[in-house]
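Single-structure report; data block below.
Not measured: the values here are computed from a predicted model.
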Amino acid sequence: AKSFPAAACQWKCRNQRKTTWQAAQSLFSGLTWYMDCLQQTTTSHNLTLSRATELFRIQDCTEYAAAFPSHKDWQYLRFVEEEHKCAGWCSFGRKLWTDGEGTDSCSTAVAQVLRSKVRRPAQQVVALSALALIGSAVGLVAVAPTLHLVFDW
């Protein structure tokens with residue numbers, strides 16, 4: 001898929017979404033609570049660790065609920081990952097909230113949505129605004145002689 005140019009992506013990834021996604025990723029893969037959660041899940045559901053990793057995602061652990069209030073953007077990132085089957089933010093990464101394979105980074109998926117759904121209406125707004133401005137200017141020029149008669153300038 002077509003993606004952001006590398007320089008634009010690097011700049012975009014310095015924002016809050018990148019930081020938020022990295023926080024979720026570190027909870028998913030770097031901290032022991034997720035592994036502890038999976039270990040408890042394997043015992044209670046009679047699963048292997050690899051199978052539990054396939055079936056249970058970050059939000060299935062009770063520790064996620066405690067971390068969620070300080071990361072409200074996780075709800076948006078989860079929606080984007082679910083809706084667009086993407087993984088990672090600026091660069092392709094591991095899916096955190098859903099299972100299966102990702103197709104692109106989530107910033108690429110969001111860019112495609114903006115390009116396909118927002119671009120045309122935005123162009124229409126610009127074109128109609130330009131027409132309104134030109135129409136107003138022509139109208140003022142046309143009625144200027146009449147206004148000059150009504151108002152003593």
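When the shell of 6.0 Å around CD of Gln75 is examined, it contains 12 or fewer heavy atoms from other residues, nucleotides or ligands.
The two residues Gln112 and Asp104 have their closest heavy-atom pair at NE2-OD2, 4.0 Å. Nearest heavy atoms, Ser91 versus Ser105: C-CB, 3.7 Å.
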Per-pair distances, 0.1 Å, donor-acceptor, side chain in residues 138-147, under 3.5 Å, sequence neighbours excluded:
none

Do any side-chain atoms of residues 120-131 form donor-acceptor pairs under 3.5 angstrom with protein atoms, and if so which ones, sequence neighbours left out?
unit_1, atom_1, unit_2, atom_2, d
Ser129, OG, Val125, O, 2.8

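Residues satisfying the salt bridge (Lys or Arg N to Asp or Glu O under 4.0 Å) test with Glu83, not counting sequence neighbours, are none. Scored by the side chain to side chain donor-acceptor pair (under 3.5 Å) test, Thr98 finds Glu81, Lys95 as partners (sequence neighbours excluded).
Atom-to-atom distance recorded for Cys86:SG and Glu101:CD is 13.0 Å, nearest 0.5 angstrom. From Asp73, atom CG reaches atom CH2 of Trp89 across 9.0 Å, with rounding to the nearest 0.5 Å.
Residue pairs meeting the side-chain hydrogen bond (donor to acceptor under 3.5 Å, both in side chains) criterion with at least one partner in residues 41-50, sequence neighbours excluded, are Thr48-Ser50. Each salt bridge (Lys or Arg N to Asp or Glu O under 4.0 Å) pair with one or both residues in residues 39-53, not counting sequence neighbours, appears once here: Arg51-Glu54.
Following chains of ILVMFWY side-chain contacts shorter than 4.5 Å, one cannot reach Val113 starting from Phe92, and the two form parts of different hydrophobic clusters.
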Margin query: Does Tyr76 form a side-chain contact (heavy atoms from CB on, under 4.5 Å) with Val110? I'd like the steps, not just the answer.
Written below: CA-CA 11 Å; Tyr76 171 73; Val110 169; 3.5 Å; yes
Margin query: As a quick check of understanding, evaluate side-chain contact (heavy atoms from CB on, under 4.5 Å) for Leu114 and Arg119, giving each step before the final call.
Written below: CA-CA 6 Å; Leu114 290 174; Arg119 178 187 250 172; over 6 Å; no
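Ring-plane geometry between Phe68 and Trp74 is classed as tilted, the angle between the planes lying from 30 to 60 degrees on a 0 to 90 degree scale.
Residues Asp99 and Leu55 are not in side-chain contact: their nearest non-hydrogen atoms beyond the backbone lie 4.5 Å or more apart.
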